[in-house]
Amino acid sequence: MSPFWLILLVAALALVGAVLGRRKAMASAGGDARVLHSLPNYYGANVALFVAAPALLVLAAWMVIQPLALDGRVSAMIPETAYEDAGALNLLMADVRRIAEGLDLAVEQGALTAAEARAAQAEDLRARLAEIGVAVGAEIDPSTLVAAQGLRMLDARADLVRTVVILALAAAGFAFTYARTNASYRARNSVEFAILLLLIGASTIAILTTLGIVLSMLFETLNFFRQYPASEFFFSLTWDPSFSGRGGASTLGILPLLWGTLYISIIALIVSVPIGLFSAIYLSEYAGKRFRGFAKPLLEVLAGIPTIVYGLFALITVGPLLRDAIASPLGLGNSASSVMTAGLVMGIMLIPFVSSLSDDIINAVPQAMRDGSYGLGATQSETIRQVILPAALPGIVGAILLAASRAIGETMIVVLGAGAAAKIDVNPFEAMTTVTVKIVSQLTGDTDFSSPETLVAFALGLTLFVMTLGLNVLALYIVRKYREQYE
Amino acid sequence: MNDMRFTERTVATDEVKIAAKGVQVYYGDTHAIKDVTIDIADKTVTAFIGPSGCGKSTFLRCINRMNDTIPSARVEGDIRIDGEDIYDKRVDPVQLRAKVGMVFQKPNPFPKSIYDNVSYGPKIHGLARNKAELDEIVETSLRRAALWDEVKDRLGAPGTGLSGGQQQRLCIARAVATSPEVLLMDEPCSALDPIATDQVENLIHELRERYSVVIVTHSMSQASRVSQRTAYFHLGEMVEYGDTGDIFTNPKDERTENYITGRIG
Ligand SMILES: Nc1ncnc2c1ncn2[C@@H]1O[C@H](COP(=O)(O)OP(=O)(O)OP(=O)(O)O)[C@@H](O)[C@H]1O
Ligand SMILES: [Mg+2]
C-alpha cells in the first residue's frame, strides 16, 4: 500500500477510534458527562492520538530508512566488474532505481502486466520505457536489469511488511487506550502531555537546525584554519585574496572587513537611532489617533521594502549626490560608492525598525506612570524624559542592539553603496566593504571548496555569527531585565 | 452606627476653596457625572462616598484636570479654585496640577529609587535650592506619609520593590512633597493595614491645618473619622452633601440612608 493511502487509512482508523473512545467513556459514565474526569472530547482525542501518533511516526522513520537499507543489498547484486569506482557505482544505482520506477509506472499505467514486467528483457526495455516517458541514459545492461528486478522485489516485500507493521501499531494503540478508557481515566492530562511533546518536538527541530548550521560552519572554519594561520586571519591588516590558478599567496586578514562593517554600521545607527526614537516618541505620546493610524502602517511599509531596493537608491541617488555635493568640493575623494552612502541608506532602512520596536516598548509603559507624573504637575516632555524613557530605556537599548545586528548582517546596500574594496581608512567618503560582501564574493564564480580562498568565507561567516549572537544575547538579556520592572 | 467616633465637626473656615457648578462628564457616550454642584471649603477634609462606579474618581479627576489625559473624556460646567475658572483657556493644567496634588486609587510609583520618587515633584518645580534642602523635603514627606522608618536605610532601592501598602504611602509622600494647596486622595487606604491607615489618617488631620483635602473612601468609619464634610454620589449624581455628622446620623435622602446603613453598595 502506498504511504498516501496508508496515512489516509490510519487517519480514518483514528477517527473511528475517537468516536468509539468517546462513546465508551460516555457509556461508562452512564451518559452523564459530569461524572467523567475530562470532557468527553478528550477521551476521543486521546484514543485518536494513540492510534495515529505511533503509527505515523514509525511510518515517517520507515520511509527514510527503507531506501537506505535496500540500497546496500541491491548494490551487492551488481557484479564488481561492471564498475570501476564508487562514483560509477552511484551512477549505476541511479539507473537501477530509474528502471525499477519505470517498470512500476508501466504496470500502473497498464503498458505492461505485472507478469510481463517481471519477465522484461533488457533489449527492448529502453524503448518501451521511453514510450511511457521514462528516459534511461544508456542501453540497459542485463546485470542492471537483474538488480532493478531485485530492487522491485525487495521494495514490494518491504512495502508489505510496512503496511502490516503500521496497521498493527494503529490497532495496538487502539486496543491499549480503548481498554483503559473509562470515567475515571485522565484523558485530559494525557492529551495535555501529547501537546507538550508536540511543542517540545517543534522547538527541538528549531534548536537542532541552528546547531547544525553552526556545526557545519565550525567544521569548514577548522578546515580553513588548517590551511591558513589563524593569527594572520585575525590580525593581518590586508585583505588580498589571489584566486587559485593564478598563483601567488593570498593575504586574508579580516580586520579591513571588520573595520568597514563597524564603520558603516555605526553611521547607520547614528542616522537611525535618533530619528527612529524621536518618531516613536512622537507617535506614541503626542500624535493624535488619526495621524498615528496612518503613520504607523506607513513606517512599517518602509520596513518591508527589500534591501536591494535601498541598494539601488544608494547606487543611483545618494552616492552621486554625496560625491557631487560634499566629497568632490571638499576634496575628500570622488568615488560614488562610499561608507557614508551605505551608512546613510542603511540608516534609513533601520529607521522603521527602531521606531516600531521603540513605539511598542514606550506603549508598554503603563498609563499609571504617566498619570502619576502628570498628577505631580510635570509637563509632557518632562514626563517623557524623566519617567517614560528611563522606564523604557532597557527595552530601547535592546531594540537598538537588534538594529545593530541587522546593520552588521546587511549585504545588498553595502555592495551597491560602499563598493567592494577592502581597506582601512577614516575618510567616510572612501569606498570600503564589509564582511558579508566578501563572503558573497568568495563564494561566487568558480570555487574550489578545498582552497583557503573559498573556505575563508566560512571563517568570516562564523565571526559574523559570533558577533551578532553576542549582540542578540546582550539585547535579550537587557530586554528580559526590563520585563521585571513592573509587577 | 453607634461606635463611630466623630472627630471635631466644626469646619474651620467657611471660605470656599473649590466651587463646582453644573459639572457634566462624558466618556464618549457614557454620561458619568450628571450636573454636580458642590462647594468645597478650605482647610477642610471632604469625603466622597458612594457605590462603586458612581463617578467619585471621575469627579475627583475633574478638579486637577486629569481627565484631560483621557481622549474620550469631555468635561462641561464650571469649576473654580479660589475663584479662578480652572477650565479657562489661560489656565495651564500643568501649573494647576502642581497646586492640586493627587494620590491615585492604585499605587503607581515610578520605576526609580524611593528617593527619586519623592524628589521628583520638588525637582521639577524647583522647590529646593540645594541637595540638603531636597534631602530635607524627602525626609519630611516620607515621615508625614508614615514611611520614613521603614525605608530610611534604603532610599536608593527601587520604589516598585516596596509592598503594596508601602507603595501607596510612597505615592502619598510624593504628592505631599510638592506642598499642594489641595490634595485629592482616591481611596488612599484601600491597600493599607490598620496601623498604616491610622498613620495616614493622622496625616490627613495634619494636612487640614493648611490644605483642603478631598478623600474618596469606601469605608464609612474612615469617612466619619477623618472628614468634616461628606458628599454622597449615586450613579453619577451627587445626592447629598453636608456636614459629616448630619449625613451619617440624619441622612435626608433615602439612597444615602440605604448606603450608609449597608443596604446598597
Ligand atoms: N477611562 C474611562 N473610559 C470610559 N469610561 C470610564 C472611564 N473611567 C471611568 N469610566 C466610567 O465612568 C463611571 C464612573 O467611574 P469612576 O471610576 O469615577 O467610579 P468610582 O466611583 O471611582 O468607582 P470605584 O469606587 O469602583 O473606584 C463608571 O461607569 C465607569 O465605567
Ligand atoms: Mg474610583
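Per chain, numbering begins at 1; letters A, B, ... match sequence-line order. All values below come from the heavy atoms of this structure, side chains included, with hydrogens, waters and symmetry mates left out.
- Considering CE of Met66(B) and CG of Asp371(A), their distance stands at 4.0 Å, rounded to 0.5 Å.
- Atom CZ of Arg80(B) has more than 12 neighbouring heavy atoms from other residues, nucleotides or ligands inside a 6.0 Å radius.
- Nearest approach of Thr379(A) to Val94(B), heavy atoms of both residues: CG2-CG1, 3.7 Å.
- Gln380(A) contributes atom CD, which lies 10.0 Å from atom OG1 of Thr69(B) (distance to the nearest 0.5 angstrom).
- Heavy atoms of Phe104(B) lying under 4.5 Å from chain A belong exclusively to its side chain.
- With a 4.5 Å cut-off on non-hydrogen atoms, Arg174(B) touches chain A through its backbone and its side chain both.
- Shortest non-hydrogen contact noted between Ile124(B) and Ala378(A) is CD1-CB, 3.5 Å.
- Heavy atoms of other residues, nucleotides or ligands lying less than 6.0 angstrom from CZ of Phe193(A) number 12 at most.
- Annotation: the span from Tyr120(B) atom OH to Thr383(A) atom OG1 amounts to 4.5 Å, rounded to 0.5 Å.
- When the shell of 6.0 Å around CD of Glu192(A) is examined, it contains 12 or fewer heavy atoms from other residues, nucleotides or ligands.
- Proximity to chain A is limited to the backbone of Pro109(B), based on heavy atoms less than 4.5 angstrom apart.
- In terms of non-hydrogen atom pairs under 4.5 Å with chain A, the most contact-rich of His125(B), Met102(B), Gln95(B) is His125(B).
- If you measure heavy-atom distances from Val100(B) to chain A, the contacts under 4.5 Å come from the backbone alone.
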